[in-house]
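Scroll down for the structure; my scribbles are underneath it.
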Amino acid sequence: MAEPLRPFRLRGCGSPQKFGVAAGSLRGLLRKGCRLLQLPLAGSRLCLYEDGTELTESYFRALPPQTELVLLGPGESWRGCECGAGLSVNGGRGGSAGGSAGAASPAPGASDIERLLAAFCSQQGAVVEAARRLLTDERAPHRQKLLADLIHNLSENILAEDKEDDKKWFEGLESRFKNKSSYLRHSCESRMRGYMREVSGFISNVHPAARDAYRGIIDLMADKLKSVKYNGCYFDRREKEEAARLCTAEGWFSCQGPFDRDDCPCKHSINPYSNRESRILFSTWNLDHIIEKKRAVVPELAEAVKTRDGREVNWEYFYQLLFTLDNLKLVHIACHKKTNHNLSCDKTRIYRKRKQTHEIS
């Protein structure tokens, strides 16, 4: 008979990022952890975060739910969360550095904050339960917000991938989705299909004499999109090629900032794999076209087809602008500027260059 699943908190060696994972056996937990953190199963092992005690199957069965664990890869070691405690940012011991009376107290060191977080997280289950009790009777909107955010962030189950391990995440979704990555991949594919429908729907604005040529380009783009599975890899954390996805292996997405900036001034981030609320909120993030799709790219494509005069339209250039990260940025809704970008296509790339022929004397 299979062991019942129990929730644990898992982190990589030297990483502050923690994940929720449910497993019924030590082997099952190790396998899931290695898959998420991209560590080889052979040579990897689990230990207690608190003191570094390495787990055996019998020890694992005695652990209470929500125990915090560290996943160690081959050659890695962990001596416990107290190692190095008490050091300040500059490497000295914590405490007053001396000085004149009335001087400001030194800021807490990084290790002091780490110890606070470690103590906090070691009692995570109790903290969540206490916050829920407080929230029941709380009437002040600001305190309600703080408590709700605390519960929300501590109840994440990032590591879980399959529906059986995080059923709440799948509430409201079609039953055909069995794991989180397949749904996020589908979400990205749906956006690409929507862009394709907009390109196709523009045909009524194309000059009648050029509509057949425009349809031909649409068919070429559709075939290209289908061959790359509608670029669903952008949202799929299981995608092995890091450059092909917009998220980390854990599923974290970072806002790339407005179209006219190189970064996000607010450092927005989200992990739609963590819980149902984050999954829903992620749908408000935009894949924004730097050179605008409606104002620039599609009208320029229609004009290029109309005025080609025997030239071959470089449809692959327009495909890149419409469907790839060459011209797409993932942005938080607050960073999505809906003003005119005032950017246009590269005129030198609209048509394919003719191949030069050499006469044979």
Carboxylate-amine/guanidinium proximity below 4.0 Å for E198 and K293: yes
Within 45 degrees of the ring normal and closer than 6.0 Å to the centroid, is that where the cationic atom of R6 sits relative to F60? yes
Going through the checks in order, is the salt bridge (Lys or Arg N to Asp or Glu O under 4.0 Å) test met by E189 and K226? CA-CA 10 Å; E189 291 174 359; K226 186 175 181 180; over 6 Å; no
So is R193 actually on top of Y230's ring, under 6.0 Å and inside 45° of the axis? yes
Would you sort out whether E174 and R176 count as a salt bridge (Lys or Arg N to Asp or Glu O under 4.0 Å), showing the intermediate values? CA-CA 5 Å; E174 298 176 37; R176 62 190 174 105; 2.7 Å; yes
L281 CG: over 12 foreign heavy atoms closer than 6.0 Å: yes
With distance as the sole test, does K32 use its side chain to make a donor-acceptor pair with the main-chain N or O of V21 at under 3.5 Å? no
So, T136 side chain and R132 main chain: donor-acceptor pair closer than 3.5 Å or not? yes
With heavy-atom distances below 4.5 Å as the criterion, would you say the side chains of F19 and L36 are in contact? yes
Check for me whether the distance between the ring centres of Y183 and F170 falls short of 6.0 Å. no
Got a second to check how far K180's NZ is from R279's CZ, nearest 0.5 Å? 10.0 Å
Between W315 and R352, is there a side-chain heavy-atom distance shorter than 4.5 Å? yes
Under the 3.5 angstrom rule, does the side chain of H341 hit a backbone N or O of L343 as a donor-acceptor pair? no
Could you measure the distance from the CD atom of E57 to the CG atom of L29? Nearest 0.5 Å is fine. 9.5 Å
Find out whether the Lys NZ or Arg CZ of R308 is both under 6.0 angstrom from the six-membered ring centre of Y351 and within 45° of the ring's axis. no
How long is the gap from OH on Y319 to CD1 on I217, to the nearest 0.5 Å? 14.5 Å
Are there more than 12 heavy atoms of other residues, nucleotides or ligands under 6.0 Å from atom CD of E242? no
Are the ring centres of H289 and F259 closer than 6.0 Å? no
State whether the side chain of R11 and the backbone N or O of Y49 hold a donor-acceptor pair below 3.5 Å, judged by distance alone. no
Could you go step by step and tell me if S181 and N179 meet the side-chain hydrogen bond (donor to acceptor under 3.5 Å, both in side chains) rule? CA-CA 6 Å; S181 293; N179 56 66; 4.9 Å; no
How far does CG of N327 sit from CZ of F323, to the nearest 0.5 angstrom? 11.5 Å
Can you measure from CG (L184) to CG (L246) and round to the nearest 0.5 angstrom? 11.5 Å
N/O donor-acceptor pair under 3.5 Å between Y273 side chain and R237 backbone: yes
Which value, rounded to the nearest 0.5 Å, describes the distance between H268 atom NE2 and C335 atom SG? 5.0 Å
Has R261 got more than 12 heavy atoms of other residues, nucleotides or ligands less than 6.0 Å from its CZ? yes
